[in-house]
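What follows is a set of notes on a single structure, which appears directly below.
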Amino acid sequence: MDPKILIFMLSVCCSSVFNVGAQSYQGKWKLLKRSIGVSAMHMAYLPNEKIVTFDRSEFGPSNITLPQGKCIKEDSKSSDCYAHSVEFDPATRAVRPLTILSDTWCSSGAFSIDGTLVQSGGYRLGEKVVRYFKPCMDCDWEEDQNGLLSPRWYASNQVLPDGKIIVVGGRYQFTYEFIPKLSGSDRILYKLPFLKETRYSALVPNNLYPFLHLSTDGNLFVFANDRGILLDYINNKVIRSYPVMPGGVSRNYPSTGSSVLLPLKLFSTTDSDNNTRNPDAEVLICGGTAPDSNEKANVGVFVPASKSCGRLIITAASPEWEMEEMPINRVMGDMIMLPTGDVLIINGAAKGTAGWGVARDPVLNPVLYRPDLRNRDESTRFEVLAPSLIPRLYHSTAHLLSDGRVLVGGSNPNINYNFSALYPTELSLEAFYPPYFTKTKPRPSIVAVNPGLKIGYKQKISLEFTLEGGVILSDLFVTMVAPSFTTHSIAMNQRLLVLAFNNEVKKTSSGNYLVEGYAPETAALAPPGCYQLFLVHEAIPSKGKWIQIKQF
């Protein structure tokens, strides 16, 4: 059968179970747009519920032109009339071309307090650029050509408790810095020898796009290649070194695995003054491959990717890795936190590494990981889900939407746009519907957040919601999800908190339900900015409600 017909059949499929041979899988897929004009190498979801995505900008024409005959003059002899970034509306599937002036290839990003996407680095003329995209109707990219002190190509970003963004690493860059440049300390380049120490080799570093997670004490967990540290970035001091992750596997680019900070569970209380204990911070890292896999792939030998995952409680007195195995080998997988607190592992390949044409055996099946079932066997914690029909390899992305779907796009393991290669350039966007969409139980709906959508730390808040049938209190909780910037299997600034709510549900005069609790205690738990608020009942999340938290 023609693959295009198969894709169409999948796009209209609405069954709750996808059957392949005798095997049945939960979840479903829907093709949203066959082409958005660019391959989605980088992706962000803004508080106005629009997706901004972009590719490289110096590789040649894309499949969408700039509006009204607009062209960007590159030099005295040439100009570029093609868009390399677009805005996509998941609700209407409309695409709006955007204008990027500098090369964003393999760059990084995060969000400011007001929901502006702050995007940094890239290649050649883009390597020191900081770009801004505001969530408004007709906004376009704004660029600061000298926003960085050091070239940042394959760097990582993380929002900090003061709202600033730390930018760590990059190719041949063993330093970090802060953006935007608002004070004297922001104009200093801080050395981080750990990044040089963890290189496999100069040509195959295996430590680019380091994993960054803000710990609950405000310090920064940095993981590169096969090990991690806790960094006091203010005083430029490594305050803790963690054990090497077992298994002899490299986890960072180009031996690309993925990482998440598991849900931060704030303590339930009826008194906000008692809500002062920090929860444990636990990191999960999955996938990757042997350190020499990229060298072998470049000569046509494609080594199987790793199945291994490791969990590490970075706040423990004596942290040790707890290892387990995924049901599928995977390199270049994206790990996305779902509103339920489960982890979706999606995209990637079973052999090879990241890079041009050096991966084989696309992994079409996502996997659901349930972190709360740590005392159960691996077959219970991991569940293989319905497969896509579209390979998503190098330069693919995934992102949680506020309705609970996961948007999936990108994949271009070719130097230019190539639609006849072994794995063609992919311009489409799909939505994956996790298993909670296929359950027959009713879905809750948030009606109101009080005192409003702007909240302060420690503030008492309440959620009014509707739900058909009765409420099972033991199966009710509220999560708060930070928007991330996704590229190269890393979701920068991804963070999910389970909020502290009272063990009581009230009925309102209108017949709705009401639960009360508290906002996070500190900015180390939840850096200031915009978040999606979800109410989860019987493992089924409501649609997210955008809120903003900061110090008022």
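All residue numbers refer to positions in the sequence shown, counting from 1. Computed from heavy atoms alone, side chains included, the values below leave out hydrogens, waters and symmetry copies.
In the model, Ser35 has no side-chain atom that pairs as donor or acceptor with a side-chain atom of Asn63 under 3.5 Å. Looking only at atom types and distance, the side chain of Arg251 has a donor-acceptor partner in the side chain of Ser308 under 3.5 Å away. Looking at Glu143 and Ser102, their side chains do bring a donor and an acceptor atom within 3.5 Å of each other. When only modelled atom types and interatomic distance are considered, Thr198 and Asn225 share no side-chain donor-acceptor pair under 3.5 Å. Tyr394 and Thr256 are not linked by any side-chain donor-acceptor pair at a separation below 3.5 angstrom, with hydrogens and angles left out of the test. Between the side chains of Ser39 and Asn412, no donor N or O sits under 3.5 Å from an acceptor N or O. For the residue pair Ser57 and Thr104, no side-chain donor N or O sits within less than 3.5 Å of a side-chain acceptor on the partner. Side-chain contact check for Ser428 and Glu426: at least one donor-acceptor pair (N or O, by modelled atom type) lies under 3.5 Å.
At a threshold of 4.5 Å between non-hydrogen side-chain atoms, the residues Val167 and Val130 do not count as touching. Taking 4.5 Å as the limit, every side-chain heavy atom of Leu400 sits out of range of all side-chain heavy atoms of Met337. In this structure the side chain of Ser396 never reaches within 4.5 angstrom of the side chain of Met332, judged on heavy atoms. Proximity of Val168 to Leu195: side-chain heavy atoms (C-beta onward) are separated by under 4.5 Å at one or more points. Between Cys309 and Phe382 the shortest side-chain heavy-atom distance falls below 4.5 Å. Contact of the Gln119 side chain with the Tyr132 side chain is not registered, since no non-hydrogen atoms from C-beta on lie closer than 4.5 Å. Side-chain contact between Val283 and Leu261: present, with at least one pair of heavy atoms (C-beta onward) separated by less than 4.5 Å. A 4.5 Å side-chain heavy-atom check between Trp141 and Leu117 finds at least one atom pair inside the cut-off.
Proximity of a side-chain donor or acceptor of Asn294 to a complementary backbone N or O of Thr353 within less than 3.5 Å is not detected. In this structure, the side chain of Arg199 does not engage the main chain of Tyr172 through any donor-acceptor pair within 3.5 Å. Judged by distance alone, with hydrogens and angles left aside, the side-chain atoms of Arg330 form a donor-acceptor pair with the main-chain N or O of Asn347 at under 3.5 Å. Not a single donor-acceptor pair under 3.5 Å links the side chain of Asp186 to the backbone N or O of Lys181. When atom types are taken as modelled, the side chain of Thr397 and the backbone of Thr487 share no donor-acceptor pair closer than 3.5 angstrom. Looking at Thr340, its side chain never comes within 3.5 Å of a backbone N or O of Ala539 through a donor-acceptor pair. Checked by atom type and distance alone, the side chain of Asn414 pairs as donor or acceptor with a backbone atom of Tyr423 at under 3.5 Å. At distances below 3.5 Å, not a single donor-acceptor pair connects side-chain atoms of Thr425 with backbone N or O atoms of Phe419. Between the Tyr436 side chain and the Gly404 main chain, a donor and an acceptor come within less than 3.5 Å of each other. The main-chain N or O of Val38 is never found under 3.5 Å from a side-chain atom of His84 such that the two would form a donor-acceptor pair.
Atoms OG1 and CD1, on Thr53 and Ile36 in that order, are 5.0 Å from each other to the nearest 0.5 Å. Rounding to the nearest 0.5 Å gives a distance of 6.5 Å between OH of Tyr369 and CG of Leu262. Distance check, rounded to the nearest 0.5 Å: OG1 of Thr289 to NZ of Lys351 gives 11.5 Å. The distance from atom CD1 of Ile166 to atom CD of Gln158, rounded to the nearest 0.5 Å, is 9.0 Å. Rounding to the nearest 0.5 Å gives a distance of 9.0 Å between CD1 of Ile547 and SG of Cys530. Between Ser542 atom OG and Asp403 atom CG the span is 11.0 Å, to the nearest 0.5 Å.
Heavy atoms only, all atoms of each residue included: Pro210 and Val222 are closest at CB-CG1, 4.3 Å. Nearest heavy atoms, Gln173 versus Ser150: OE1-OG, 2.5 Å. For the pair Glu49 and Ser402, the tightest heavy-atom approach, listed with the atom from each and the gap, is OE2-OG, 2.7 Å. Contact between Ser255 and Ala290 at its shortest, heavy atoms only, is OG-O, 3.7 Å. Across Ala349 and Leu393, no two heavy atoms sit closer than the pair CB-CD2, 3.6 Å.
Within a 6.0 Å sphere centred on NZ of Lys50, other residues, nucleotides and ligands contribute more than 12 heavy atoms. For Lys134, the NZ atom sits in a loose shell: 12 or fewer heavy atoms of surrounding residues, nucleotides or ligands are nearer than 6.0 Å. Summarising the local packing, NZ of Lys543 is surrounded by more than 12 heavy atoms from other residues, nucleotides or ligands at distances under 6.0 Å. When the shell of 6.0 Å around OH of Tyr82 is examined, it contains 12 or fewer heavy atoms from other residues, nucleotides or ligands.
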Using side-chain hydrogen bond (donor to acceptor under 3.5 Å, both in side chains), reason through Asp55 and Tyr417 one step at a time and then give a plain yes or no.
CA-CA 11 Å; Asp55 199 351; Tyr417 279 19; 2.7 Å; yes
Is there a side-chain hydrogen bond (donor to acceptor under 3.5 Å, both in side chains) between Asn157 and Ser120 once you walk through the steps?
CA-CA 9 Å; Asn157 294 13; Ser120 55; 2.9 Å; yes
Intermediate values then yes/no, side-chain hydrogen bond (donor to acceptor under 3.5 Å, both in side chains), Ser258 and Ser489
CA-CA 6 Å; Ser258 193; Ser489 303; 5.7 Å; no
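Across Phe133, Trp105, Tyr209, Phe54, a single residue satisfies ring pair (Phe, Tyr, Trp, His ring centres under 6.0 Å) together with His42, and that is Phe54. Of the candidates Ser484, Ser259, Pro483, Gln494 forms a side chain to side chain contact (heavy atoms under 4.5 Å, CB included) with just one, namely Ser484. None of Lys30, Arg392, Lys33 except one satisfies the side chain to side chain contact (heavy atoms under 4.5 Å, CB included) rule with Glu430; the exception is Arg392.
Using a 4.0 Å cut-off between charged side-chain N and carboxylate O, Arg124 and Asp103 make no salt bridge. Contact check on Glu87 versus Arg96 returns a salt bridge, with a Lys/Arg side-chain nitrogen under 4.0 Å from an Asp/Glu carboxylate oxygen.
Between Trp356 and His395, the ring planes are perpendicular. Angles over 60° get that label, and only those under 30° would be called parallel.
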